[in-house]
Student: 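So that we are looking at the same thing, I have put the structure below in structure tokens.
Being a predicted model, the structure only gives us computed values, none of them experimental.
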Amino acid sequence: MKRLLAVLIALVVHLLTLGFVALGAWIILGNLGSLVAWLLGGVSLAIGWALRPRLGGLPADAEVLDRSSAPELYGIADRVADRVGVRRPGKVAVRDLAAETRYERVGLPRTPVLAVGLPLWLALPPRQRVALLATAYARVPTAEELVVDGALFTLEAWRDALLGAEPLRVREDAQTKIAGSSLGAVDHPGTTYEVMGTFGRLLGRLLGGPVLLVRYALTRLARAGEARTLARHRALALRAVSEQELAELDALAGGGYLAPMQAAALRGESAAAIRQGALARFRLTDDGVLTSPPHSELLGTRESERIDEELLGHYTRAIRGFGLIS
């Protein structure tokens with residue numbers, strides 16, 4: 001019931017955005033020869049454009065790899081996607097300093113993109129690399145979640161526009177200097193700028209109240225389904241990996257993997273040496289030392305090594321900035 005109510009509220013928010021677009025188009029098309037109609041219609045269209053749900057995009061620091069330059073990486077990305085049951089990524093990108101690996105559908109065509117965070121990827125053995133990809137794929141939002149998230153973004157834009165605006169500091173300083181130099185300590189009347197600014201803030205608070213109420217209600221309804229969402233994410237990830245492998249990945253993602261690599265980078269070690277040092281920890285078990293790091297049926301040791309060869313240049317560039325990661 002709460003999920004249905006959240007979707008209904010989100011749809012109303014999106015319909016309001018479409019209403020601005022439709023109103024602007026109707027005003028302009030109905031009065032093509034009127035300058036006032038173009039101005040009013042343009043304002044309405046601009047509001048609708050500013051409030052539109054975002055289609056998502058690649059992070060600014062992501063570098064897309066060609067399939068021909070990283071066939072093994074694309075191969076494991078495709079195999080894990082098939083096992084989890086999501087669309088294969090149309091593009092695979094790497095990020096030098098972001099530990100998180102994300103799978104998103106971006107742009108108007110909703111192209112699936114996998115963005116691999118190199119710091120954590122560099123530290124993982126083959127088995128945990130599969131778990132990392134599986135958890136990234138499992139977090140793909142449903143259509144309902146996209147609708148609700150888009151509405152929350154729109155409501156946040158409304159809140160910023162109505163309640164987030166403050167007088168320009170530069171303008172206030174200039175007004176103070178002008179008043180001080182012209183009238184000294186004598187009281188001076190408020191300027192049109194001050195009057196309109198005050199009126200605008202009062203209007204924003206008047207209209208912002210309902211926006212805040214809707215935003216609060218939608219946020220609470222969305223959070224009410226978080227447990228169900230997390231359970232769905234875990235169920236999808238378990239199609240490709242086991243509970244133990246997910247637990248191992250959660251423990252590693254806590255950040256303990258990073259300090260040894262940062263220290264090695266400061267000592268000037270190569271990317272290959274840092275990779276071998278990270279894998280050495282996974283060969284140590286209670287029963288002795290393994291001959292190779294833990295691997296998966298979806299990604300063997302040799303395939304993982306070929307991925308490292310494909311990404312060696314990216315590793316070398318990334319480790320120069322490892323000291324910036326906190």
Student: How far apart are the closest heavy atoms of Leu45 and Ala25, and which atoms are they?
Tutor: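 Result for this residue pair: CD2-N, 3.9 Å.
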
Student: Can you tell me how far apart NE2 (His314) and CG (Asp96) are? Round to the nearest 0.5 Å.
Tutor: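 So the NE2 of His314 and the CG of Asp96 are separated by 8.5 Å.
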
Student: Would you check if Leu311 and Leu65 make a side-chain contact, meaning some heavy-atom pair closer than 4.5 Å?
Tutor: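 SC-SC contact between Leu311 and Leu65 confirmed.
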
Student: Knowing that exactly one of Arg228, Arg232, Arg3, Arg105 qualifies, which makes a salt bridge (charged side-chain N to carboxylate O under 4.0 Å, His left out) with Glu145?
Tutor: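 Checked Arg228, Arg232, Arg3, Arg105 against Glu145; only one passes salt bridge (charged side-chain N to carboxylate O under 4.0 Å, His left out): Arg232.
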
Student: Can you measure from CD (Glu269) to CD (Gln276) and round to the nearest 0.5 angstrom?
Tutor: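 Nearest 0.5 Å value for the CD-CD distance: 11.5 Å.
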
Student: Going by the salt bridge (charged side-chain N to carboxylate O under 4.0 Å, His left out) test, name the single residue among Arg67, Arg306, Arg129 that passes it with Glu72.
Tutor: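 Testing Glu72 for a salt bridge (charged side-chain N to carboxylate O under 4.0 Å, His left out) against Arg67, Arg306, Arg129 leaves exactly one candidate, Arg306.
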
Student: Quick check against the 3.5 Å criterion: does Thr316 have a side-chain atom that pairs as donor or acceptor with the backbone of Leu312?
Tutor: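 A pair under 3.5 Å: yes.
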
Student: Verify, without hydrogens or angle tests, whether Thr17 (side chain) and Arg52 (backbone) share a donor-acceptor contact under 3.5 angstrom.
Tutor: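 Checking the backbone N and O of Arg52 against the side chain of Thr17, no donor-acceptor pair under 3.5 Å is found.
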
Student: Locate the shortest heavy-atom distance separating Ile27 from Ala37; write the atom from each residue and the value.
Tutor: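 Scanning both residues completely, I find the closest heavy atoms to be CG2-O, 3.4 Å.
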
Student: Can you check whether Leu32's main-chain N or O pairs, donor with acceptor, with Trp38's side chain at less than 3.5 Å?
Tutor: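 Yes, because the side chain of Trp38 sits within donor-acceptor range (under 3.5 Å) of the backbone of Leu32.
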
Student: Around atom CZ of Arg223, are there more than 12 heavy atoms of other residues, nucleotides or ligands at under 6.0 Å?
Tutor: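 For Arg223, atom CZ is not crowded (no more than 12 foreign heavy atoms under 6.0 Å).
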
Student: Are a donor atom and an acceptor atom from the side chains of Gln128 and Glu248 found within less than 3.5 Å of each other?
Tutor: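 Note: Gln128 and Glu248 side chains meet the donor-acceptor criterion.
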
Student: Between Ala318 and Leu118, what is the shortest heavy-atom contact and its length?
Tutor: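 For Ala318 versus Leu118, the nearest heavy atoms are CB-CD1, 4.1 Å.
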
Student: Look at the side chain of Thr135 and the backbone N and O of Leu132, then say whether any donor-acceptor pair between them is shorter than 3.5 Å.
Tutor: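 Yes, Thr135 side chain to Leu132 backbone: donor-acceptor pair under 3.5 Å.
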
Student: Distance-only, no hydrogens or angles: does the Arg95 side chain make a donor-acceptor pair with backbone N or O of Ala115 under 3.5 Å?
Tutor: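 No, because the side chain of Arg95 does not come within donor-acceptor range (under 3.5 Å) of the backbone of Ala115.
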
Student: Main chain of Leu51, side chain of Thr154: is a donor-acceptor contact present, judged purely on distance under 3.5 Å?
Tutor: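 Judged by distance alone, yes, a pair lies under 3.5 Å.
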
Student: The test is salt bridge (Lys or Arg N to Asp or Glu O under 4.0 Å); show your working for Arg234 and Glu243 and say whether it passes.
Tutor: CA-CA 9 Å; Arg234 197 160 191 86; Glu243 287 277 6; 3.0 Å; yes

Student: How many angstroms lie between CG in Leu16 and CG in Leu11, if you round to the nearest 0.5 Å?
Tutor: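 Going from the CG atom of Leu16 to the CG atom of Leu11 covers 12.5 Å.
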
Student: CZ of Arg79 to CD1 of Ile76: how many Å apart, nearest 0.5 Å?
Tutor: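 So the gap between those two atoms works out to 4.0 Å.
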
Student: Within the 4.5 Å heavy-atom criterion, are Val148 and Leu152 side-chain neighbours or not?
Tutor: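 Yes, at least one pair of side-chain atoms sits under 4.5 Å.
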
Student: For a 4.5 angstrom cut-off between non-hydrogen side-chain atoms, does Pro89 reach Asp78?
Tutor: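 Yes, side chains in contact.
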
Student: Would you confirm whether Tyr74, through its side chain, and Val92, through its main-chain N or O, come within 3.5 Å as a donor-acceptor pair?
Tutor: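 Yes.
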
Student: Over all heavy atoms of both residues, which pair between Ala131 and Val241 is shortest? Give the atoms and the distance, please.
Tutor: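 So the minimum-distance heavy-atom pair works out to CA-CG1, 3.6 Å.
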
Student: Kindly determine whether Arg317 and Glu63 satisfy salt bridge (Lys or Arg N to Asp or Glu O under 4.0 Å), including the steps that lead there.
Tutor: CA-CA 12 Å; Arg317 181 186 63 201; Glu63 179 182 353; 2.9 Å; yes

Student: Which value, rounded to the nearest 0.5 Å, describes the distance between Leu73 atom CG and Leu114 atom CG?
Tutor: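 It comes to 7.0 Å.
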
Student: From Phe20 CZ over to Ile47 CD1, what is the distance, rounded to the nearest 0.5 angstrom?
Tutor: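 Separation between the atoms: 5.0 Å.
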
Student: Might you confirm whether atom CZ of Arg220 has over 12 heavy atoms from other residues, nucleotides or ligands at distances under 6.0 Å?
Tutor: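 No, the 6.0 Å shell around CZ holds no more than 12 heavy atoms from other groups.
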
